[in-house]
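Step one of this worksheet: look at the structure below.
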Amino acid sequence: MAKKITERRKDYSQWYLDVVREAQLASHSPVRGCMVIKPNGFSLWENMQRQLDDMFKETGHRNAYFPLFIPKSFLSKEAQHVEGFAKECAVITHSRLINSEDGVTVDPASKLEEELIVRPTSETIIWDTYRDWIQSYRDLPILINQWANVVRWEMRTRLFLRTMEFLWQEGHTAHATEKEAREETVRMLNVYRTFAEDYMAMPVITGIKTESERFAGAVDTYCIEAMMQDGKALQAGTSHFLGQNFAKAFDVRFQDRDGKEKFVWATSWGVSTRLIGGLIMTHSDDNGLVLPPRLAPTQVVIVPIWRNDDEQSRVIEYGNTMFKALKGAGIRVKLDDRDQYKPGWKFSQHEVEGTPLRIAIGPRDVDNNKVELARRDTLEKKIVDREGLEMLIPELLETIQSALFESARKRTLEQTRTATTYEEFKEILDTHGGFVYTHWDGTVETEERIKNETKATIRCLPLEIEEKPGKCMVTGKPSPYPVLFARSY
RNA sequence: CGGGGCGUAGCGCAGCCCGGUAGCGCAUCUGCUUUGGGAGCAGAGGGUCGCAGGUUCAAAUCCUGUCGCCCCGACCA
């Protein structure tokens with residue numbers, strides 16, 4: 001069997017690219033830093049979207065859509081926000097092309113009076129709109145989500161993990177009180193945590209970002225951080241408490257019960273197609289993609305095997321009945337009865353694409369009323385009775401789902417260490433990578449120094465951690481509890 | 001923006017040093033045999049060699065320029 005995938009231990013980033021290519025998730029586009037998301041990748045995104053969307057609706061949010069283009073002047077209204085995004089904005093300056101000798105050229109006469117920015121995020125245009133939507137406390141809260149594409153002009157890109165254009169959802173809420181907005185921020189962080197762990201089977205640590213890692217324009221940025229197989233951390237989602245920063249910048253006030261005019265409190269939160277990168281790097285192996293059943297576009301594939309026409313019709317009939325029964329049981333099942341590919345080829349293909357379960361059926365199985373079941377995660381194969389399959393498969397899918405989470409959890413735990421001295425800290429990073437808990441004195445200077453010297457950043461100040469006073473590993477100054485460091489994507 | 005690599009058939013590559021009919025594997029098409037872990041044989045189709053100049057009787061190959069992409073680092077979801 002020809003191996004088209006580089007081994008993880010040999011070259012992790014080449015392995016990642018190989019998996020994306022062989023599983024046909026996406027390909028590079030003619031435009032630098034952009035990607036074509038292929039049907040396999042997009043179905044995965046659709047499944048993520050569907051689940052997240054349900055969870056957003058469940059928590060009272062509604063979807064809306066705001067423009068791709070933002071007037072340049074909007075960007076300059078919130079000082080921190082501009083500073084954060086100014087360096088990576090695509091700017092539209094003209095509206096027309098004209099024919100020229102070498103094809104087409106920009107028509108200088110079509111220069112825009114006010115240039116437009118392709119949204120890097122939508123806070124500004126949304127808050128400009130919210131001003132019109134909000135007059136009274138009765139108009140609050142506003143709980144809006146939008147599914148959209150955004151553009152950030154990145155210097156260095158990587159399929160799914162960092163592309164210049166990416167797909168995401170951005171929630172933007174407006175509240176009458178600080179308390180309510182803070183609660184919303186944490187509520188959505190927990191939605192992300194639940195989604196990551198229960199659906200992606202990707203364990204995450206929740207926490208708060210330090211000032212330097214905070215979203216531009218936020219008062220507090222909460223995040224979920226996941227640990228990848230190669231020892232690097234991935235920020236998988238963020239939820240921001242924006243305070244009154246945007247309300248003040250865009251003059252969004254409301255009249256409260258007490259008759260007084262007040263500025264609105266805000267949150268925003270988002271996850272992106274980056275999650276697909278996280279999913280790949282959490283579960284996949286040297287044979288290709290491994291998908292958690294709850295998100296897999298195809299959960300079960302049935303591969304029929306035959307030698308002649310007679311066997312073909314018997315096996316296909318057997319497979320068809322099974323297909324209908326499983327589909328009826330609510331399973332995302334596919335019968336791969338294509339005649340132009342051999343079974344062995346199909347086995348490999350579905351394996352590299354990460355289909356959680358494979359059912360192989362041949363004439364022998366038809367005669368004995370059996371099937372061969374193969375798990376993608378463990379690569380185990382066993383023969384089971386045809387009867388009761390409709391009950392067995394859903395259970396098995398759930399077993400796989402929790403096995404994936406469990407093994408990722410165990411791995412993350414093994415990749416999590418504690419350092420008390422700076423020497424120990426560097427030693428851990430260089431030999432193992434992973435998460436490192438250690439004390440930090442809370443200053444930007446120390447954080448900066450550690451980053452420059454080790455390339456590790458503070459991923460977050462974890463929410464679930466016991467108070468355990470100690471001393472900063474660099475300066476020896478007191479610290480109330482350890483913080484989480486890692487090198488990251 | 002620095003460092004490295006690459007642009008030759010749909011995909012992956014060789015050919016370039018040493019100029020002389022553009023090749024290999026996979027894929028595609030036809031036929032036969034096959035089908036329980038990426039099938040075999042026979043035949044067929046498919047390429048402005050990234051682009052622009054230059055040297056030469058002759059350029060994928062040498063020279064100059066230029067464009068693009070990928071990978072590794074400095075910034076970021």
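Per chain, numbering begins at 1; letters A, B, ... match sequence-line order.
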Which nucleotide, if any, forms a Watson-Crick or G-U wobble pair with B/C49, using both distances under 3.5 Å?
none
Report the relative orientation of the aromatic rings in A/His61 and A/Trp269; use parallel for angles under 30°, tilted for 30 to 60°, perpendicular for over 60°.
perpendicular
For the pair made of CH2 in A/Trp168 and C1' in B/A77, what is the distance, rounded to whole Å?
8 Å
Keeping the roles fixed (side chain from A/Arg332, backbone from A/Ala296), state whether a donor-acceptor pair exists under 3.5 Å.
yes
Quick test of your reading of the model: are A/Lys232 and A/Asp230 salt-bridged, counting only N-O distances below 4.0 Å?
no
Compare the minimum distances between each of B/C76, B/G36, B/G37 and the side chain of A/Lys451, then state the nucleotide with the smallest one.
B/C76
Quick one: does NZ or CZ of A/Arg274 land under 6.0 Å from the six-membered ring centre of A/Phe166, within 45 degrees of the ring axis?
no
The residue, A/Arg156 or A/Lys381, whose nearest nucleotide of RNA chain B is more 5′ is A/Lys381
Across the strands shown, which category fits A/Gly33 at heavy-atom distances under 4.0 angstrom: base, sugar-phosphate, nothing?
sugar-phosphate
Looking at B/U55, which nucleotide sits across from it as a Watson-Crick or G-U wobble partner, both distances under 3.5 angstrom, or is there none?
none
Give me the atom names and distance for the closest heavy-atom approach of A/Gln299 to A/Pro293.
NE2-O, 3.0 Å
Within 45° of the ring axis of A/Tyr489 and under 6.0 Å from its six-membered ring centre, is that where the NZ or CZ of A/Arg158 lies?
no
Heavy atoms only, 4.0 Å cut-off, all strands: where does A/Arg32 land among base, sugar-phosphate and nothing?
sugar-phosphate
Starting at CG of A/Asp18 and ending at P of B/C71, how long is that distance when rounded to a whole Å?
12 Å
Pairing nucleotide - B/G43, Watson-Crick or G-U, each distance under 3.5 Å
B/C29
Which label fits A/Phe56 and A/Tyr192: parallel for a plane angle under 30°, tilted from 30 to 60°, or perpendicular past 60°?
perpendicular
Whole Å only: how far is the CG atom of A/Leu17 from the C1' atom of B/C11?
16 Å
Please give the distance between the C1' atoms of B/G25 and B/C72 as a whole number of Å.
29 Å
Quick one: which of B/G36, B/U28, B/A74 gets closest to the side chain of A/Tyr341?
B/U28
Taking any heavy-atom pair under 4.0 Å as a contact, classify A/Glu372: base, sugar-phosphate, or nothing.
base
Do the side chain of A/Arg21 and the base of B/G12 come within less than 3.5 angstrom through a donor-acceptor pair of N or O atoms?
no
Side chain of A/Arg152 - closest among B/G36, B/C71, B/A77
B/A77
With a 3.5 angstrom cut-off on both distances, give the Watson-Crick or G-U wobble partner of B/G68, or none if there isn't one.
B/C6
Hunt down the Watson-Crick or G-U wobble partner of B/C17, both distances under 3.5 Å, from any strand shown, or write none.
none
Determine the contact category for A/Gln349: base if any of its heavy atoms lies under 4.0 Å from a base atom, sugar-phosphate if only primed atoms, P, OP1 or OP2 are that close, otherwise nothing.
base
Atom CZ of A/Phe215 and atom C1' of B/A77: how far apart are they, to the nearest Å?
10 Å
Using purine N1 to pyrimidine N3 plus N6-O4 or O6-N4 for Watson-Crick, or N1-O2 and O6-N3 for G-U wobble, each under 3.5 Å, what pairs with B/G37?
none
Is A/Asn308 touching bases, backbone alone, or none of the nucleic acid, heavy atoms closer than 4.0 Å?
nothing
For B/A77 and A/Thr121 - does any side-chain N or O of the residue sit under 4.0 Å from the phosphate oxygens OP1/OP2?
no
Atom CZ of A/Arg459 to atom C1' of B/A77: distance rounded to whole Å?
10 Å
Report which part of the nucleic acid A/Leu161 touches: base, sugar-phosphate, or nothing (heavy-atom distance under 4.0 Å, all strands).
base
May I have the distance from A/Gln14 (atom CD) to B/G12 (atom C1'), rounded to whole angstrom?
12 Å
Hunt down the Watson-Crick or G-U wobble partner of B/C1, both distances under 3.5 Å, from any strand shown, or write none.
B/G73
Rounding to a whole Å, what distance do you find between A/Ile383:CD1 and B/G36:C1'?
9 Å
Looking across every strand, which nucleic acid part, if any, lies under 4.0 Å from A/Thr157 by heavy atom: base, sugar-phosphate, or nothing?
sugar-phosphate
Choosing from B/A39, B/G37, B/A77, which nucleotide comes nearest the side chain of A/Phe166?
B/A77
What's the closest nucleotide to the A/Lys342 side chain, out of B/C76, B/A39, B/G38?
B/A39
Just to confirm, is there a sub-4.0 Å distance from OP1 or OP2 of B/C69 to any side-chain nitrogen or oxygen of A/His28?
no
A/Lys232 has an atom NZ; how far is it from atom P of B/C72, in whole Å?
8 Å
Nearest-nucleotide wise, let me know which of A/Arg214 and A/Lys455 is further upstream toward the 5' end of RNA chain B.
A/Lys455
Between B/C76, B/G36, B/C72, which nucleotide has the shortest distance from any of its atoms to the side chain of A/Glu154?
B/C76
Among B/G36, B/C71, B/G37, the one nearest any side-chain atom of A/Ser13 is B/C71
Ion pair check, A/Asp18 and A/Arg8, cut-off under 4.0 Å
no
